[in-house]
Every structure is written in C-alpha cells, then in structure tokens.
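Data block below; observations after.
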Amino acid sequence: MTNTRMKKAAMIVSFSMAIAAFSGQAWAEQGPNTAAPAHVMSSNSNNPYSVAGIDDPAEFTAYFAKLQTAVKNNKPAEVAALISYPMNLNKDNKTYVIYSKDELIKKYDRIFTSLVRDKLLAQKADKLFVNYQGVMVGDGELWIGERNNKLGVIAVNITTNPYEIAGINNPAVFEHNFSLLQKYVKAGKKSEVANLMVYPLRVNNKGTTTQIKTRKDFIAKYDKIMTAKVKKALLAQKLDKVFINSKGVMIGNGDLWMGQFGEQVGVFAINQ
C-alpha cells in the first residue's frame, strides 16, 4: 500500500471513529475503532458526489470554491458559515465537537491550521476523493458532506506538526525530505543531495562563511562541503530526536540546519 493510500485509509478510519464517537459532550473522547473502505464509490458519472448523499454537483462545486476563497482570504466568519454543525474535530486521537459558528470562530486558528489550509487550497475540485461518508479534501484533513440538510464541512482532522515553530508547514514533507537526504548521502548520490539544498547555501567553517549559490556549485564542491563529520552527524540523527526552534531544525550538534523557504524544504546551512 502506498503512503498516500495509507494516509487516506488512516484519515478515513479517523473519520469513522469520529462519527462513532459523536455524543452530547462538547469534548468527548473517541469511541471504538470502525474502519471504512478507502476507495471511490460513485455510481453516477454525472454526479460524482451522489454516493456521499450530495444531489446537486453544481451546488457542491460552487460551495467548494466559496470555501477555498474564504480560507484563502482568512475570513473566519465566512468559513464558519460554511460548516455543517455539529462538526467533528479529530486531534491527538481524540474527537471534539464544534457546535456553533461562534465556537468555530473562537477556535479558528486551532482548527484551520496552516497544514489544513494548505491542503484545502491545493485541492483541485476534480481530484476529490468521494465515498459514502463524504467528500475528502487533501489526505483527509477535511471532510465535506450534508448534515441536518446543510452542505458543509462535517469533520476536520488535524495532524500534529512538531516542526511548526521552525516555519515548516507540512510535517510529512519535512520527514520525507529528511529521509531522502539520509538515503542519498549514504549512497553518495551527489546530484540528488544537491536537490535537497536551499540556495544560497551557507557553509560555515572556523568562523568563515562561504555561500554556495547554485546546485552546480554544490556538486562541484560536494566532498569539501559534505565532510566525513557532517555525513556522520546526518546519518546518526534519529528523526524523533531532532532539535527544533524558530531558526529551523538542527541535525547533529548543529552540523546541518533544515528549514522551509517558500515551498522548498531543505538544508540551508552546514557547519563543518
């Protein structure tokens, strides 16, 4: 099973658990684990959302565009009006219930996190995953459906992001790039390692800083930059033991620093 499918399955399971857990308490814990199928189940080619109980595809398309616009423009009140209450919020293996617009607005930043927003804004309407539980956005960060005869967001799944303080929006992207960096350095694949650098790359040695401005320059000077000490520190680093602060993610004793610049996540400094 691919990582994407595993993520989808996990999010769908979380969604099912949220439905099973729904109760009258505003901060209820999750109920029993109830798995759901992780594939598209649509019987109407003219209405890809019919299996989710949505009768009007044009209404859904207009709704989805409105939701993306409200989130993009950072309008909590407008987003709150596009929620189908009560809405389930799944976080840290617990399910909480959001009952009203006022409650959602008050907790907006904790619900519509940077990762949730990014996934929603990157989602193409014609690439949405649909099954009988609803319409899935991203890897399951949001679910849209009808509740109490209203079309809206019915569940939000929040993935804890330990790298958020370092300005990294998506923990999965960082962890993927970190894994690739270790793999390519171990294999000595200079070109692939170069793709995981952020330029200009700062290389610090005994109080002197050299800027590596291009990928080509990095490859040409690879052995001088990626010293035995630097490689040893990188390959010995456990992902769950990295140090994180507002400057970035530290590898080893500061031998490498990783961070996010625009959409790129990679190494921006090496201390030899």
Side-chain angles (χ1 to χ4, degrees), residues 2-4 6-7 71-72 74 109-110 112-123 138-139 141 158-272:
T2 65
N3 288 338
T4 299
M6 287 176 68
K7 287 181 183 177
V71 169
K72 182 178 181 180
N74 193 29
D109 291 332
R110 286 183 283 166
F112 280 82
T113 62
S114 60
L115 178 59
V116 171
R117 296 194 304 268
D118 288 347
K119 288 288 188 176
L120 171 62
L121 297 179
Q123 179 69 62
D139 292 317
E141 284 76 16
I158 297 176
T159 301
T160 301
N161 180 6
Y163 316 107
E164 188 169 8
I165 190 175
I168 294 170
N169 294 331
N170 190 331
V173 171
F174 171 79
E175 291 173 2
H176 176 69
N177 286 9
F178 177 79
S179 176
L180 286 180
L181 181 63
Q182 288 186 316
K183 175 183 175 181
Y184 293 146
V185 167
K186 185 176 182 180
K189 295 186 176 181
K190 300 179 182 181
S191 180
E192 284 80 359
V193 174
N195 292 334
L196 294 167
M197 301 294 125
V198 177
Y199 302 100
L201 171 70
R202 301 196 305 274
V203 179
N204 304 310
N205 187 321
K206 298 178 181 179
T208 301
T209 298
T210 302
Q211 285 199 346
I212 306 300
K213 296 183 179 180
T214 66
R215 180 176 176 277
K216 183 178 180 180
D217 193 19
F218 176 85
I219 294 172
K221 299 175 181 176
Y222 182 87
D223 293 327
K224 292 182 178 179
I225 298 170
M226 299 299 295
T227 63
K229 172 180 173 289
V230 170
K231 288 188 283 190
K232 182 179 179 180
L234 171 65
L235 297 179
Q237 180 68 62
K238 301 297 183 183
L239 183 60
D240 61 348
K241 300 296 183 181
V242 294
F243 173 79
I244 309 162
N245 66 14
S246 59
K247 295 178 181 179
V249 180
M250 187 177 81
I251 296 171
N253 292 316
D255 302 85
L256 301 95
W257 283 84
M258 294 183 70
Q260 179 165 343
F261 297 81
E263 296 299 316
Q264 186 179 5
V265 176
V267 176
F268 65 87
I270 294 176
N271 296 301
Q272 297 176 325

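These numbers come from the heavy atoms of this one structure, side chains and all, not from hydrogens, waters or symmetry mates.
- When all heavy atoms are compared, the tightest approach of Q237 to Q182 is O-NE2, 3.0 Å.
- Side-chain contact between M197 and I212 is absent, with no heavy-atom pair separated by less than 4.5 Å.
- Contact of the T210 side chain with the N205 side chain is not registered, since no non-hydrogen atoms from C-beta on lie closer than 4.5 Å.
- Considering every non-hydrogen atom in both S114 and E164, the closest pair reads OG-OE2, 4.0 Å.
- When side chains are defined from C-beta on, M258 counts as touching L181, because their heavy atoms get closer than 4.5 Å.
- Interatomic distance, K119 NZ to T113 OG1, rounded to the nearest 0.5 Å: 11.0 Å.
- The main-chain N or O of A194 is never found under 3.5 Å from a side-chain atom of E192 such that the two would form a donor-acceptor pair.
- Closest approach of A166 and I244 over heavy atoms only: CB-CG2, 3.8 Å.
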Open item on the list: What verdict does the side chain to side chain contact (heavy atoms under 4.5 Å, CB included) test give for Y163 and E175, after you've listed the backbone C-alpha separation in whole Å, the side-chain angles of each residue and the deciding distance to 0.1 Å?
Closed with: CA-CA 10 Å; Y163 316 107; E175 291 173 2; 2.9 Å; yes
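- Side-chain atoms of Q260 do not come within 3.5 Å of backbone N or O of F174 as any donor-acceptor pair.
- At least one side-chain heavy atom of I168 sits under 4.5 Å from a side-chain heavy atom of V249.
- Panel note: side chain R117, backbone F112; a donor-acceptor pair is recorded below 3.5 Å.
- With a 4.5 Å cut-off on side-chain heavy atoms, V198 and W257 do not count as touching.
- In the displayed structure, K229 atom NZ is contacted under 6.0 Å by more than 12 heavy atoms of other residues, nucleotides or ligands.
- The nearest pair of heavy atoms linking N169 to L115 is O-CB, 3.7 Å.
- Counting heavy atoms from C-beta outward, L201 and I270 have side chains that approach closer than 4.5 Å.
- At least one side-chain heavy atom of V185 sits less than 4.5 Å from a side-chain heavy atom of L234.
- Here the side chains of F218 and V193 are in contact, with some heavy-atom distance below 4.5 Å.
- Atom CG of residue N271 and atom CG of residue D255 lie 7.5 Å apart, to the nearest 0.5 angstrom.
- No more than 12 heavy atoms of other residues, nucleotides or ligands shown are found within 6.0 angstrom of CG on N253.
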